[in-house]
Protein chains: 2
Amino acid sequence: MAEKTKLWYLQNFNMFDGMSPKMMMELAQNTSMQNNSKKEIIYFPEDASNTIYFLKAGKIKIYRLSEDGKTTTLQLLGPGEIFGESAILGQDTHDNIAEVVEDAVVCAMDKRDFQDLMEKSPNLTMSVNKFIGWRLRKIQAHVEDLVFKSASQRITSFLHRYVETFGKKMVDGWMVRPFLTHQEIADLTATARQTVNQVLNELADKDIIKFSRRFLQLKGDLDQLES
Amino acid sequence: MAEKTKLWYLQNFNMFDGMSPKMMMELAQNTSMQNNSKKEIIYFPEDASNTIYFLKAGKIKIYRLSEDGKTTTLQLLGPGEIFGESAILGQDTHDNIAEVVEDAVVCAMDKRDFQDLMEKSPNLTMSVNKFIGWRLRKIQAHVEDLVFKSASQRITSFLHRYVETFGKKMVDGWMVRPFLTHQEIADLTATARQTVNQVLNELADKDIIKFSRRFLQLKGDLDQLES
DNA sequence: ACAAACATGTCAGCAAAATGACAGTCCAAC
DNA sequence: GTTGGACTGTCATTTTGCTGACATGTTTGT
(Lines give C-alpha, C1' and ligand atoms only; values in the text may rest on other atoms or scores of the structure.)
Protein backbone atom coordinates (compact mmCIF):
# COMPACT_ATOMS: atom_id res chain seq x y z
CA MET A 1 0.00 0.00 0.00
CA ALA A 2 1.25 3.47 -0.84
CA GLU A 3 2.96 5.32 2.00
CA LYS A 4 0.74 8.25 1.31
CA THR A 5 -2.37 6.25 2.01
CA LYS A 6 -0.88 4.86 5.19
CA LEU A 7 -0.02 8.34 6.25
CA TRP A 8 -3.58 9.34 5.82
CA TYR A 9 -4.67 6.32 7.78
CA LEU A 10 -2.50 7.34 10.69
CA GLN A 11 -4.18 10.67 11.02
CA ASN A 12 -6.80 11.05 13.73
CA PHE A 13 -5.00 9.09 16.37
CA ASN A 14 -4.66 11.82 18.96
CA MET A 15 -1.60 10.03 20.15
CA PHE A 16 0.24 11.35 17.14
CA ASP A 17 -0.87 14.94 17.46
CA GLY A 18 2.00 17.33 17.28
CA MET A 19 4.43 14.91 15.74
CA SER A 20 6.69 16.14 12.98
CA PRO A 21 5.83 15.16 9.39
CA LYS A 22 9.16 13.41 9.19
CA MET A 23 8.30 11.29 12.20
CA MET A 24 4.89 10.54 10.81
CA MET A 25 6.50 9.37 7.60
CA GLU A 26 8.70 7.04 9.54
CA LEU A 27 5.69 5.72 11.42
CA ALA A 28 3.85 5.09 8.18
CA GLN A 29 6.77 3.22 6.71
CA ASN A 30 6.79 0.82 9.60
CA THR A 31 3.08 0.25 9.67
CA SER A 32 1.22 -2.52 7.99
CA MET A 33 -2.46 -2.43 7.31
CA GLN A 34 -5.02 -5.22 7.53
CA ASN A 35 -8.72 -5.72 7.16
CA ASN A 36 -10.32 -7.99 9.69
CA SER A 37 -13.87 -9.15 9.56
CA LYS A 38 -16.29 -9.84 12.36
CA LYS A 39 -15.37 -12.63 14.76
CA GLU A 40 -11.77 -12.75 13.66
CA ILE A 41 -9.37 -13.04 16.56
CA ILE A 42 -6.41 -10.68 16.47
CA TYR A 43 -4.58 -12.30 19.31
CA PHE A 44 -5.02 -14.94 21.96
CA PRO A 45 -3.64 -15.12 25.47
CA GLU A 46 -0.11 -16.53 25.48
CA ASP A 47 0.49 -15.23 21.98
CA ALA A 48 3.74 -13.34 21.75
CA SER A 49 3.09 -9.67 22.14
CA ASN A 50 5.38 -8.08 19.57
CA THR A 51 2.95 -5.78 17.91
CA ILE A 52 1.03 -2.69 18.78
CA TYR A 53 -2.23 -2.09 16.97
CA PHE A 54 -4.07 1.03 15.90
CA LEU A 55 -7.73 0.70 15.20
CA LYS A 56 -8.68 2.81 12.21
CA ALA A 57 -12.23 1.61 11.70
CA GLY A 58 -14.66 -0.88 13.19
CA LYS A 59 -14.89 -2.20 16.74
CA ILE A 60 -12.71 -4.56 18.71
CA LYS A 61 -13.38 -6.14 22.06
CA ILE A 62 -10.75 -7.16 24.56
CA TYR A 63 -11.98 -9.96 26.74
CA ARG A 64 -11.07 -12.80 29.07
CA LEU A 65 -12.30 -16.30 29.63
CA SER A 66 -12.53 -18.05 32.96
CA GLU A 67 -11.61 -21.66 33.46
CA ASP A 68 -15.24 -22.72 33.32
CA GLY A 69 -15.90 -20.93 30.07
CA LYS A 70 -17.42 -17.68 31.26
CA THR A 71 -16.58 -14.49 29.43
CA THR A 72 -15.98 -10.96 30.57
CA THR A 73 -15.25 -8.11 28.26
CA LEU A 74 -12.77 -5.58 29.57
CA GLN A 75 -13.03 -3.04 26.81
CA LEU A 76 -14.93 -2.23 23.68
CA LEU A 77 -12.73 -0.18 21.40
CA GLY A 78 -13.68 2.07 18.52
CA PRO A 79 -11.82 3.97 15.81
CA GLY A 80 -8.82 5.94 17.01
CA GLU A 81 -7.97 3.58 19.84
CA ILE A 82 -4.83 1.59 20.45
CA PHE A 83 -4.62 -1.98 21.63
CA GLY A 84 -2.02 -4.63 22.24
CA GLU A 85 -0.19 -2.00 24.26
CA SER A 86 1.09 -4.66 26.63
CA ALA A 87 3.84 -5.05 24.01
CA ILE A 88 5.36 -1.72 24.99
CA LEU A 89 4.60 -2.26 28.67
CA GLY A 90 7.18 -4.94 29.11
CA GLN A 91 5.06 -8.01 28.65
CA ASP A 92 6.04 -10.62 26.16
CA THR A 93 2.77 -12.46 25.93
CA HIS A 94 -0.81 -11.30 25.81
CA ASP A 95 -3.20 -12.17 28.59
CA ASN A 96 -6.44 -11.22 26.88
CA ILE A 97 -8.24 -12.01 23.69
CA ALA A 98 -8.78 -9.34 21.05
CA GLU A 99 -11.70 -10.05 18.76
CA VAL A 100 -13.30 -8.07 15.97
CA VAL A 101 -16.86 -7.04 16.79
CA GLU A 102 -17.47 -4.96 13.70
CA ASP A 103 -15.40 -5.29 10.53
CA ALA A 104 -12.21 -3.45 11.25
CA VAL A 105 -9.22 -1.80 9.67
CA VAL A 106 -6.21 -2.30 11.84
CA CYS A 107 -2.72 -0.84 11.53
CA ALA A 108 0.01 -2.93 13.07
CA MET A 109 3.50 -1.92 14.05
CA ASP A 110 6.37 -3.88 15.47
CA LYS A 111 7.00 -2.99 19.08
CA ARG A 112 10.70 -2.37 18.51
CA ASP A 113 10.00 0.10 15.75
CA PHE A 114 7.58 1.85 18.04
CA GLN A 115 10.02 1.88 20.90
CA ASP A 116 12.71 3.33 18.65
CA LEU A 117 10.30 6.08 17.76
CA MET A 118 9.54 6.68 21.41
CA GLU A 119 13.20 7.10 22.17
CA LYS A 120 13.54 9.66 19.42
CA SER A 121 10.44 11.57 20.42
CA PRO A 122 9.80 12.49 24.05
CA ASN A 123 6.61 13.92 22.72
CA LEU A 124 5.39 10.54 21.67
CA THR A 125 6.45 9.02 24.97
CA MET A 126 4.38 11.62 26.72
CA SER A 127 1.36 10.81 24.59
CA VAL A 128 1.78 7.14 25.26
CA ASN A 129 1.89 7.80 28.97
CA LYS A 130 -1.25 9.85 28.76
CA PHE A 131 -2.95 7.13 26.85
CA ILE A 132 -1.96 4.51 29.39
CA GLY A 133 -3.15 6.73 32.19
CA TRP A 134 -6.47 7.07 30.50
CA ARG A 135 -6.71 3.31 30.07
CA LEU A 136 -5.88 2.83 33.73
CA ARG A 137 -8.58 5.26 34.75
CA LYS A 138 -11.13 3.55 32.56
CA ILE A 139 -10.46 0.20 34.11
CA GLN A 140 -10.53 1.65 37.62
CA ALA A 141 -13.93 3.07 36.82
CA HIS A 142 -14.90 -0.40 35.67
CA VAL A 143 -13.92 -1.80 39.06
CA GLU A 144 -15.88 0.93 40.78
CA ASP A 145 -18.96 0.09 38.72
CA LEU A 146 -18.67 -3.59 39.54
CA VAL A 147 -18.42 -2.89 43.22
CA PHE A 148 -20.86 -0.05 43.75
CA LYS A 149 -23.52 -0.50 41.12
CA SER A 150 -26.29 -3.04 40.75
CA ALA A 151 -26.60 -5.17 37.64
CA SER A 152 -29.28 -2.99 36.13
CA GLN A 153 -27.38 0.18 36.93
CA ARG A 154 -24.34 -1.24 35.19
CA ILE A 155 -26.41 -1.99 32.13
CA THR A 156 -28.00 1.45 31.90
CA SER A 157 -24.77 3.24 32.49
CA PHE A 158 -23.10 1.08 29.88
CA LEU A 159 -25.78 2.10 27.42
CA HIS A 160 -25.08 5.69 28.34
CA ARG A 161 -21.41 5.32 27.51
CA TYR A 162 -22.14 3.32 24.41
CA VAL A 163 -24.51 5.88 23.00
CA GLU A 164 -22.19 8.70 23.97
CA THR A 165 -19.11 7.27 22.31
CA PHE A 166 -20.57 5.48 19.32
CA GLY A 167 -23.88 7.18 18.67
CA LYS A 168 -24.92 10.03 16.41
CA LYS A 169 -26.83 12.95 17.83
CA MET A 170 -30.16 13.47 16.13
CA VAL A 171 -32.76 16.21 16.47
CA ASP A 172 -34.76 14.18 18.97
CA GLY A 173 -32.11 12.05 20.61
CA TRP A 174 -29.39 9.63 19.58
CA MET A 175 -28.96 6.75 17.18
CA VAL A 176 -26.35 4.00 17.22
CA ARG A 177 -26.00 1.32 14.60
CA PRO A 178 -25.42 -1.47 14.52
CA PHE A 179 -26.36 -2.53 18.03
CA LEU A 180 -24.82 -5.30 20.08
CA THR A 181 -26.37 -8.62 21.00
CA HIS A 182 -27.74 -8.97 24.50
CA GLN A 183 -25.04 -11.49 25.28
CA GLU A 184 -22.35 -9.03 24.27
CA ILE A 185 -23.83 -6.43 26.60
CA ALA A 186 -24.03 -9.02 29.34
CA ASP A 187 -20.33 -9.78 28.94
CA LEU A 188 -19.48 -6.10 29.03
CA THR A 189 -21.45 -5.46 32.20
CA ALA A 190 -20.85 -8.70 34.05
CA THR A 191 -24.52 -9.59 34.08
CA ALA A 192 -26.67 -12.39 32.69
CA ARG A 193 -28.14 -12.25 29.22
CA GLN A 194 -31.66 -12.47 30.63
CA THR A 195 -31.09 -9.50 32.88
CA VAL A 196 -29.94 -7.42 29.92
CA ASN A 197 -33.06 -8.39 28.05
CA GLN A 198 -35.23 -7.38 30.97
CA VAL A 199 -33.57 -4.01 31.53
CA LEU A 200 -33.66 -3.23 27.83
CA ASN A 201 -37.35 -3.96 27.65
CA GLU A 202 -38.06 -1.95 30.76
CA LEU A 203 -36.36 1.05 29.20
CA ALA A 204 -38.32 0.53 26.02
CA ASP A 205 -41.54 0.31 28.04
CA LYS A 206 -40.73 3.62 29.64
CA ASP A 207 -40.24 4.93 26.12
CA ILE A 208 -36.67 5.96 26.81
CA ILE A 209 -35.12 3.77 24.14
CA LYS A 210 -36.17 1.86 21.07
CA PHE A 211 -34.04 -0.98 19.82
CA SER A 212 -33.67 -3.92 17.52
CA ARG A 213 -30.77 -6.03 16.36
CA ARG A 214 -29.70 -3.35 13.95
CA PHE A 215 -29.93 -0.20 16.01
CA LEU A 216 -30.35 1.44 19.37
CA GLN A 217 -32.25 4.67 19.51
CA LEU A 218 -32.31 6.92 22.53
CA LYS A 219 -35.31 9.21 22.58
CA GLY A 220 -34.21 12.45 24.14
CA ASP A 221 -31.33 13.23 26.40
CA LEU A 222 -28.38 11.12 27.51
CA ASP A 223 -29.02 11.71 31.19
CA GLN A 224 -32.11 9.57 31.06
CA LEU A 225 -29.64 6.72 31.13
CA GLU A 226 -28.38 7.55 34.55
CA SER A 227 -27.74 4.73 36.91
CA MET B 1 18.59 14.86 55.41
CA ALA B 2 21.95 13.86 53.99
CA GLU B 3 21.97 12.99 50.32
CA LYS B 4 23.82 9.87 51.16
CA THR B 5 21.00 8.61 53.33
CA LYS B 6 18.47 9.45 50.69
CA LEU B 7 20.54 7.58 48.19
CA TRP B 8 20.40 4.58 50.40
CA TYR B 9 16.69 5.02 50.75
CA LEU B 10 16.23 4.95 47.02
CA GLN B 11 17.85 1.56 46.68
CA ASN B 12 15.60 -1.45 46.33
CA PHE B 13 13.08 0.14 44.07
CA ASN B 14 13.46 -2.19 41.11
CA MET B 15 12.42 0.68 38.97
CA PHE B 16 15.86 2.19 39.45
CA ASP B 17 17.85 -0.92 38.69
CA GLY B 18 20.57 -0.32 36.18
CA MET B 19 20.55 3.44 36.55
CA SER B 20 23.88 5.21 36.62
CA PRO B 21 25.19 6.42 40.00
CA LYS B 22 25.10 9.93 38.64
CA MET B 23 21.45 9.61 37.83
CA MET B 24 20.72 8.13 41.22
CA MET B 25 22.42 11.09 42.83
CA GLU B 26 20.22 13.42 40.88
CA LEU B 27 17.17 11.47 41.92
CA ALA B 28 18.18 11.64 45.55
CA GLN B 29 18.70 15.38 45.38
CA ASN B 30 15.18 15.91 44.18
CA THR B 31 13.57 13.61 46.66
CA SER B 32 12.07 14.60 49.96
CA MET B 33 11.40 12.18 52.73
CA GLN B 34 8.48 12.01 55.15
CA ASN B 35 7.20 9.81 57.91
CA ASN B 36 3.49 9.18 57.95
CA SER B 37 1.63 7.42 60.67
CA LYS B 38 -1.38 5.17 60.48
CA LYS B 39 -4.60 6.73 59.18
CA GLU B 40 -2.86 9.74 57.70
CA ILE B 41 -4.14 10.63 54.27
CA ILE B 42 -1.48 11.32 51.67
CA TYR B 43 -3.85 12.64 49.08
CA PHE B 44 -7.55 13.04 48.42
CA PRO B 45 -9.45 12.94 45.16
CA GLU B 46 -9.36 16.30 43.39
CA ASP B 47 -6.04 17.12 45.02
CA ALA B 48 -3.54 18.34 42.47
CA SER B 49 -1.36 15.50 41.38
CA ASN B 50 2.10 17.02 41.18
CA THR B 51 4.03 14.45 43.07
CA ILE B 52 5.09 10.88 42.62
CA TYR B 53 5.63 8.82 45.75
CA PHE B 54 7.96 5.97 46.58
CA LEU B 55 7.00 3.81 49.50
CA LYS B 56 10.08 2.84 51.46
CA ALA B 57 8.45 1.25 54.47
CA GLY B 58 4.99 0.56 55.80
CA LYS B 59 1.75 -0.02 53.94
CA ILE B 60 -0.51 2.32 51.99
CA LYS B 61 -3.96 1.66 50.63
CA ILE B 62 -5.43 3.30 47.56
CA TYR B 63 -9.18 3.40 47.77
CA ARG B 64 -12.38 4.99 46.55
CA LEU B 65 -15.62 6.06 48.13
CA SER B 66 -19.03 5.82 46.55
CA GLU B 67 -21.66 8.50 46.86
CA ASP B 68 -23.44 6.61 49.59
CA GLY B 69 -20.33 6.16 51.65
CA LYS B 70 -19.22 2.69 50.67
CA THR B 71 -15.54 1.98 50.32
CA THR B 72 -13.55 -0.14 47.95
CA THR B 73 -9.83 -0.57 48.14
CA LEU B 74 -8.08 -0.80 44.81
CA GLN B 75 -4.60 -1.61 46.04
CA LEU B 76 -2.66 -2.39 49.14
CA LEU B 77 0.92 -1.31 48.65
CA GLY B 78 4.03 -2.38 50.49
CA PRO B 79 7.68 -1.30 50.55
CA GLY B 80 9.25 -0.83 47.14
CA GLU B 81 6.08 0.28 45.44
CA ILE B 82 5.25 3.52 43.72
CA PHE B 83 2.04 5.47 43.98
CA GLY B 84 0.56 8.73 42.80
CA GLU B 85 1.74 7.70 39.36
CA SER B 86 -1.24 9.43 37.79
CA ALA B 87 0.99 12.52 38.00
CA ILE B 88 3.20 11.24 35.24
CA LEU B 89 0.27 9.77 33.34
CA GLY B 90 -1.11 13.08 32.30
CA GLN B 91 -3.66 13.62 35.01
CA ASP B 92 -3.66 16.78 37.01
CA THR B 93 -5.85 15.68 39.88
CA HIS B 94 -6.06 12.46 41.82
CA ASP B 95 -9.17 10.36 41.68
CA ASN B 96 -8.43 8.06 44.61
CA ILE B 97 -7.55 8.36 48.24
CA ALA B 98 -4.15 7.25 49.51
CA GLU B 99 -4.13 6.40 53.20
CA VAL B 100 -1.47 5.00 55.49
CA VAL B 101 -2.37 1.55 56.81
CA GLU B 102 0.89 0.90 58.64
CA ASP B 103 3.29 3.64 59.65
CA ALA B 104 5.15 4.54 56.50
CA VAL B 105 8.25 6.19 55.15
CA VAL B 106 7.46 7.89 51.90
CA CYS B 107 9.80 9.55 49.41
CA ALA B 108 8.19 12.25 47.33
CA MET B 109 9.38 13.78 44.10
CA ASP B 110 7.99 16.53 41.96
CA LYS B 111 6.56 15.21 38.76
CA ARG B 112 8.49 17.64 36.61
CA ASP B 113 11.78 16.56 38.13
CA PHE B 114 10.83 13.01 37.48
CA GLN B 115 9.81 13.74 33.93
CA ASP B 116 13.10 15.51 33.30
CA LEU B 117 14.88 12.43 34.50
CA MET B 118 12.77 10.27 32.24
CA GLU B 119 13.72 12.35 29.25
CA LYS B 120 17.37 11.96 30.07
CA SER B 121 17.16 8.26 30.68
CA PRO B 122 15.32 6.01 28.24
CA ASN B 123 16.20 3.31 30.68
CA LEU B 124 14.06 4.87 33.35
CA THR B 125 11.24 5.44 30.90
CA MET B 126 11.34 1.78 30.09
CA SER B 127 11.17 0.85 33.76
CA VAL B 128 8.27 3.18 34.29
CA ASN B 129 6.44 1.60 31.38
CA LYS B 130 7.05 -1.82 32.81
CA PHE B 131 5.79 -0.72 36.15
CA ILE B 132 2.63 0.71 34.65
CA GLY B 133 2.07 -2.43 32.68
CA TRP B 134 2.34 -4.43 35.85
CA ARG B 135 -0.15 -2.14 37.56
CA LEU B 136 -2.53 -2.50 34.65
CA ARG B 137 -2.29 -6.27 34.82
CA LYS B 138 -2.94 -6.27 38.54
CA ILE B 139 -6.07 -4.28 38.16
CA GLN B 140 -7.28 -6.41 35.28
CA ALA B 141 -6.81 -9.42 37.50
CA HIS B 142 -8.86 -7.59 40.11
CA VAL B 143 -11.69 -7.20 37.61
CA GLU B 144 -11.43 -10.85 36.70
CA ASP B 145 -11.69 -11.82 40.37
CA LEU B 146 -14.74 -9.64 40.86
CA VAL B 147 -16.49 -11.16 37.90
CA PHE B 148 -15.53 -14.81 38.08
CA LYS B 149 -15.03 -15.54 41.75
CA SER B 150 -17.47 -15.84 44.61
CA ALA B 151 -17.15 -13.69 47.71
CA SER B 152 -15.47 -16.41 49.71
CA GLN B 153 -13.10 -17.27 46.89
CA ARG B 154 -12.10 -13.65 46.68
CA ILE B 155 -11.37 -13.59 50.37
CA THR B 156 -9.26 -16.75 50.38
CA SER B 157 -7.32 -15.77 47.32
CA PHE B 158 -6.73 -12.35 48.83
CA LEU B 159 -5.29 -14.03 51.91
CA HIS B 160 -3.09 -16.05 49.61
CA ARG B 161 -1.68 -12.93 47.99
CA TYR B 162 -1.41 -11.17 51.31
CA VAL B 163 0.58 -13.94 52.94
CA GLU B 164 2.70 -14.36 49.83
CA THR B 165 3.67 -10.72 49.54
CA PHE B 166 3.82 -9.64 53.17
CA GLY B 167 4.41 -12.83 55.13
CA LYS B 168 7.53 -14.52 56.39
CA LYS B 169 8.13 -18.16 55.60
CA MET B 170 8.53 -20.27 58.72
CA VAL B 171 9.45 -23.91 59.17
CA ASP B 172 5.84 -24.95 59.38
CA GLY B 173 4.09 -22.32 57.30
CA TRP B 174 3.86 -18.55 57.13
CA MET B 175 3.43 -15.66 59.50
CA VAL B 176 2.25 -12.12 58.78
CA ARG B 177 2.08 -9.33 61.30
CA PRO B 178 0.35 -7.17 61.91
CA PHE B 179 -2.91 -8.38 60.40
CA LEU B 180 -5.71 -6.30 58.94
CA THR B 181 -9.14 -5.69 60.41
CA HIS B 182 -12.02 -7.63 58.93
CA GLN B 183 -13.45 -4.44 57.55
CA GLU B 184 -10.22 -3.70 55.71
CA ILE B 185 -10.29 -7.14 54.14
CA ALA B 186 -13.92 -6.64 53.22
CA ASP B 187 -13.05 -3.39 51.43
CA LEU B 188 -10.22 -5.09 49.59
CA THR B 189 -12.35 -7.96 48.37
CA ALA B 190 -15.65 -6.19 47.80
CA THR B 191 -17.45 -8.25 50.40
CA ALA B 192 -19.27 -7.59 53.67
CA ARG B 193 -17.44 -7.54 56.98
CA GLN B 194 -19.60 -10.40 58.28
CA THR B 195 -18.70 -12.58 55.33
CA VAL B 196 -15.01 -12.03 55.97
CA ASN B 197 -15.50 -13.01 59.57
CA GLN B 198 -17.28 -16.18 58.56
CA VAL B 199 -14.69 -17.26 55.98
CA LEU B 200 -11.85 -16.52 58.36
CA ASN B 201 -13.42 -18.64 61.06
CA GLU B 202 -14.13 -21.46 58.65
CA LEU B 203 -10.48 -21.53 57.65
CA ALA B 204 -9.48 -21.53 61.29
CA ASP B 205 -11.90 -24.40 61.98
CA LYS B 206 -10.28 -26.38 59.21
CA ASP B 207 -7.00 -25.63 60.94
CA ILE B 208 -5.57 -23.95 57.85
CA ILE B 209 -5.00 -20.60 59.49
CA LYS B 210 -4.77 -19.13 62.93
CA PHE B 211 -5.36 -15.45 63.45
CA SER B 212 -5.91 -12.62 65.85
CA ARG B 213 -5.81 -8.88 65.57
CA ARG B 214 -2.06 -8.91 65.65
CA PHE B 215 -1.13 -11.70 63.28
CA LEU B 216 -2.17 -14.15 60.64
CA GLN B 217 -0.54 -17.53 60.65
CA LEU B 218 -0.84 -19.98 57.80
CA LYS B 219 -0.18 -23.52 58.88
CA GLY B 220 1.53 -25.25 56.01
CA ASP B 221 1.58 -24.48 52.33
CA LEU B 222 0.29 -21.48 50.43
CA ASP B 223 -1.78 -23.52 48.04
CA GLN B 224 -4.22 -24.37 50.79
CA LEU B 225 -5.53 -20.89 50.17
CA GLU B 226 -6.69 -21.68 46.69
CA SER B 227 -10.03 -20.45 45.59
C1' DA C 1 -36.42 -22.18 0.04
C1' DC C 2 -34.88 -24.53 3.88
C1' DA C 3 -32.42 -25.91 7.69
C1' DA C 4 -29.25 -24.97 11.21
C1' DA C 5 -27.43 -21.80 14.06
C1' DC C 6 -28.02 -17.97 16.54
C1' DA C 7 -30.74 -14.41 19.16
C1' DT C 8 -34.66 -12.85 21.91
C1' DG C 9 -38.50 -13.12 25.36
C1' DT C 10 -40.37 -14.87 29.60
C1' DC C 11 -40.82 -17.26 33.86
C1' DA C 12 -40.26 -19.95 38.12
C1' DG C 13 -37.00 -21.38 41.47
C1' DC C 14 -32.89 -20.87 43.92
C1' DA C 15 -28.64 -19.52 46.21
C1' DA C 16 -25.17 -16.52 47.62
C1' DA C 17 -24.27 -13.00 50.25
C1' DA C 18 -25.73 -8.39 51.81
C1' DT C 19 -28.20 -6.20 55.63
C1' DG C 20 -29.53 -5.22 60.16
C1' DA C 21 -29.37 -6.10 64.92
C1' DC C 22 -27.13 -6.96 68.97
C1' DA C 23 -23.98 -9.09 72.36
C1' DG C 24 -19.42 -9.80 73.54
C1' DT C 25 -14.46 -8.48 73.38
C1' DC C 26 -10.41 -5.90 73.13
C1' DC C 27 -7.69 -1.76 73.56
C1' DA C 28 -6.11 2.87 74.28
C1' DA C 29 -6.51 7.06 76.50
C1' DC C 30 -7.49 9.48 80.31
C1' DG D 1 -8.46 1.30 86.82
C1' DT D 2 -12.41 2.78 84.10
C1' DT D 3 -14.71 4.13 80.20
C1' DG D 4 -15.67 4.89 75.29
C1' DG D 5 -14.79 3.46 70.92
C1' DA D 6 -13.51 0.22 67.72
C1' DC D 7 -13.52 -4.55 66.44
C1' DT D 8 -15.38 -9.33 66.39
C1' DG D 9 -18.88 -13.02 66.46
C1' DT D 10 -23.44 -14.78 65.28
C1' DC D 11 -27.96 -15.07 63.55
C1' DA D 12 -32.32 -14.31 61.18
C1' DT D 13 -34.11 -11.89 57.23
C1' DT D 14 -34.20 -10.19 52.66
C1' DT D 15 -32.78 -9.27 48.21
C1' DT D 16 -30.83 -9.47 43.80
C1' DG D 17 -30.10 -11.42 39.93
C1' DC D 18 -28.35 -15.96 38.21
C1' DT D 19 -29.82 -20.53 36.43
C1' DG D 20 -32.28 -23.50 33.64
C1' DA D 21 -35.94 -24.33 30.64
C1' DC D 22 -38.37 -23.54 26.75
C1' DA D 23 -40.93 -21.03 23.08
C1' DT D 24 -40.49 -17.83 19.59
C1' DG D 25 -38.07 -15.13 16.28
C1' DT D 26 -34.30 -13.99 12.94
C1' DT D 27 -30.30 -14.63 10.08
C1' DT D 28 -27.11 -17.11 7.10
C1' DG D 29 -25.43 -20.14 4.02
C1' DT D 30 -26.30 -23.60 0.64
Original post:
Of A:Ser152 and B:Asn201, whose nearest nucleotide on DNA chain D comes first from the 5' end?
Top reply: B:Asn201

Original post:
For B:Lys138, does the NZ atom have more than 12 heavy-atom neighbours from other residues, nucleotides or ligands under 6.0 Å away?
Top reply: yes

Original post:
About how many Å separate OG1 of A:Thr165 and CG of A:Leu76, when rounded to the nearest 0.5 Å?
Top reply: 7.5 Å

Original post:
Would you call the rings of A:Tyr43 and A:His94 parallel, tilted or perpendicular, where under 30° means parallel and over 60° means perpendicular?
Top reply: parallel

Subject >> B:Lys219 atom NZ: more than 12 heavy-atom contacts under 6.0 Å >> reply: yes

Subject >> Boundaries of the DNA chain C segment in contact with chain B, non-hydrogen, under 4.0 Å >> reply: C:dA17 to C:dC27

Original post:
Relative to each other, are the rings of B:Tyr53 and B:Phe83 parallel, tilted or perpendicular (30° and 60° limits)?
Top reply: parallel

Original post:
Whole-Å distance between D:dT16 C1' and A:Glu202 CD?
Top reply: 13 Å

**OP:** Produce a footprint string for nucleotides 19-30 of chain D: one letter per nucleotide, 5' end first; B if the base is under 4.0 Å from any protein heavy atom, S if only the sugar-phosphate is, - if neither.
**Re:** BBB---BSS---

Original post:
To the nearest 0.5 Å, how far apart are NZ in A:Lys70 and CD in B:Glu144?
Top reply: 12.0 Å

**OP:** Could you grab the distance from atom CD1 of B:Ile209 to atom CG of B:Leu200, nearest 0.5 Å is fine?
**Re:** 4.5 Å

Subject >> Atom-to-atom span, CD of A:Gln153 to P of D:dG17 - whole angstrom >> reply: 8 Å

Original post:
Between atom CD1 of A:Ile97 and atom CG of A:Leu74, what is the distance when rounded to the nearest 0.5 Å?
Top reply: 10.0 Å

